[in-house]
Amino acid sequence: MRSWVGLGALALTLLIAAPVQAAPIALQVFKAIDAQTIRCPEKVMVNEQSQPYREGGYTIDGSASLTQLTDRLTVAAVDDFSVTWVGTLKPAYRQCKATARMVKNGNEAYADHSYLRLRFTGGKVYLILDMTGMRDANDFTTVILRKGVRNGNAFWSWGGTD
């Protein structure tokens with residue numbers, strides 16, 4: 001019996017100490033009805049991962065490398081509930097007119113509110129992280145904790161209470 005308790009404690013310790021894996025998030029691109037023949041990417045991948053659990057709340061870190069679409073991203077707009085990054089599209093996609101939403105999170109289909117979105121318009125791509133309509137376990141709006149650009153890639157953290 002003692003060995004089972006020891007193994008259970010060891011398993012729990014390993015589970016708590018295990019590194020959190022990044023989950024790829026697929027955003028499917030939907031062309032505008034008047035842009036059906038224009039070249040656009042089919043999907044765009046970004047990553048998010050949970051920080052280790054801390055009592056009272058949770059934090060999700062994310063990043064997007066959009067180097068296949070643009071050479072440089074900048075933060076274009078920030079308010080209390082959202083952040084928008086913008087970059088000039090590379091020539092191959094410069095005419096793209098489309099939007100994108102989350103359709104897969106890790107290996108799971110994603111049909112909930114898409115808090116990450118893309119817009120392709122006017123030769124630019126806009127990555128939008130928007131907490132509008134997002135809520136945590138206590139019915140508070142989730143909050144954007146960090147946002148910026150590092151090495152040409154968008155990064156963010158958002159979280160809530162538990």
- Task: Check for a donor-acceptor pair, side chain of Glu108 on one end and backbone N or O of Asn105 on the other, with a separation under 3.5 Å.
- Result: no
- If you take all heavy atoms of Val46 and Ser63, which pair is closest and at what distance? CB-O, 3.5 Å
- Task: Could you check if a side-chain atom of Arg119 sits within less than 4.5 angstrom of a side-chain atom of Val125, using non-hydrogen atoms only?
- Result: no
- Message: Using every non-hydrogen atom in the two residues, find where Leu127 and Ala154 come nearest and quote the distance to one decimal.
- Response: CD2-CB, 3.9 Å
- Is atom CD of Gln95 surrounded by more than 12 heavy atoms (other residues, nucleotides or ligands) closer than 6.0 Å? no
- Task: Check each of Thr84, Thr99, Asp130 against Arg117 using the side-chain hydrogen bond (donor to acceptor under 3.5 Å, both in side chains) test, and report the only one that passes.
- Result: Asp130
- Message: Tell me if the CG atom of Asp112 is crowded by more than 12 foreign heavy atoms within 6.0 Å.
- Response: yes
- State the CG-SG distance between Leu69 and Cys40, to the nearest 0.5 angstrom. 10.0 Å
- Item | Within 6.0 Å of CG in Asn151, more than 12 heavy atoms from elsewhere | no
- Taking the side chain as every heavy atom from C-beta outward, state whether Val86 and Leu73 have any pair of such atoms under 4.5 Å apart. no
- Message: Could you go through Val29 and Glu42, starting from their C-alpha distance and side-chain angles, then the distance that decides it, and tell me whether this counts as side chain to side chain contact (heavy atoms under 4.5 Å, CB included)?
- Response: CA-CA 5 Å; Val29 176; Glu42 290 182 26; 5.9 Å; no
- In Å, rounded to the nearest 0.5 Å, how long is the span from CZ of Arg72 to OG1 of Thr74? 6.0 Å
- Would you indicate whether the side-chain heavy atoms of Phe81 and Ile144 approach each other to under 4.5 Å? no
- Message: Under 4.5 Å between side-chain heavy atoms, counting indirect links through other Ile/Leu/Val/Met/Phe/Trp/Tyr residues: same cluster for Ile25 and Phe155 or not?
- Response: no
- Atom of Phe30, atom of Arg101 and distance for their closest heavy-atom approach: CE1-CG, 3.7 Å
- Query: Any donor and acceptor pair, going by atom type alone, linking the side chain of Lys147 with main-chain N or O of Val83 inside 3.5 Å?
  - Reply: no
- What's the verdict on side chain to side chain contact (heavy atoms under 4.5 Å, CB included) for Thr141 and Arg135, showing C-alpha distance, side-chain angles and the deciding distance? CA-CA 4 Å; Thr141 299; Arg135 66 181 178 91; over 6 Å; no
- Exercise: identify the closest heavy-atom pair between Asn47 and Pro24: OD1-CA, 3.4 Å
- Query: Where does the angle between the aromatic ring planes of Trp156 and Trp85 fall among parallel (under 30°), tilted (30 to 60°) and perpendicular (over 60°)?
  - Reply: tilted
- Minimum-distance pair of heavy atoms, taken over all atoms of Thr88 and Thr70: O-OG1, 2.7 Å
- What distance separates Asp61 CG from Gln51 CD, expressed to the nearest 0.5 Å? 4.0 Å
- Message: For Ser157 and Arg146, which I'm curious about, is there any donor-acceptor pair between the side chains at under 3.5 Å?
- Response: yes
- Query: Looking at side-chain heavy atoms only, is the closest gap between Ser50 and Tyr58 below 4.5 Å?
  - Reply: no
- Val44 vs Gln68 side-chain heavy atoms within contact, under 4.5 Å: yes
- Same cluster (ILVMFWY, side-chain, under 4.5 Å), Val75 and Leu118: yes
- Task: Would you indicate whether Phe140, at its atom CZ, is surrounded by more than 12 heavy atoms from other residues, nucleotides or ligands within a distance under 6.0 Å?
- Result: no
- Hey, could you give me the NZ/OH distance between Lys104 and Tyr110, rounded to the nearest 0.5 Å? 15.0 Å
- Are Phe120 and Tyr126 side-chain neighbours, meaning at least one heavy-atom pair lies under 4.5 Å? no
- Any link between Met134 and Val78 through a network of hydrophobic side chains (Ile, Leu, Val, Met, Phe, Trp, Tyr) touching at under 4.5 Å? yes
- Item | Atom of Gln36, atom of Lys31 and distance for their closest heavy-atom approach | O-NZ, 3.2 Å
- side chain to side chain contact (heavy atoms under 4.5 Å, CB included) with Thr142: which of Asp136, Thr161, Thr132? Asp136
- Main-chain N/O of Leu89 paired with Arg94 side-chain donor or acceptor, under 3.5 Å: yes
- Message: Tell me whether Ser114 contacts the main-chain N or O of Met102 through its side chain, where contact means a donor paired with an acceptor under 3.5 Å.
- Response: yes
- Taken to the nearest 0.5 Å, the spacing of Ile128 CD1 from Ser82 OG works out to 8.0 Å
- Message: Hydrophobic clustering (ILVMFWY, side-chain heavy atoms < 4.5 Å, transitive) - are Val103 and Leu116 grouped together?
- Response: no
- Message: For a 4.5 angstrom cut-off between non-hydrogen side-chain atoms, does Thr59 reach Leu145?
- Response: yes
- Message: If you define the side chain from C-beta out and look only at heavy atoms, does anything of Asn153 sit under 4.5 Å from Leu66?
- Response: no
- Donor + acceptor pair across side chains of Lys97, Thr121 (<3.5 Å): no
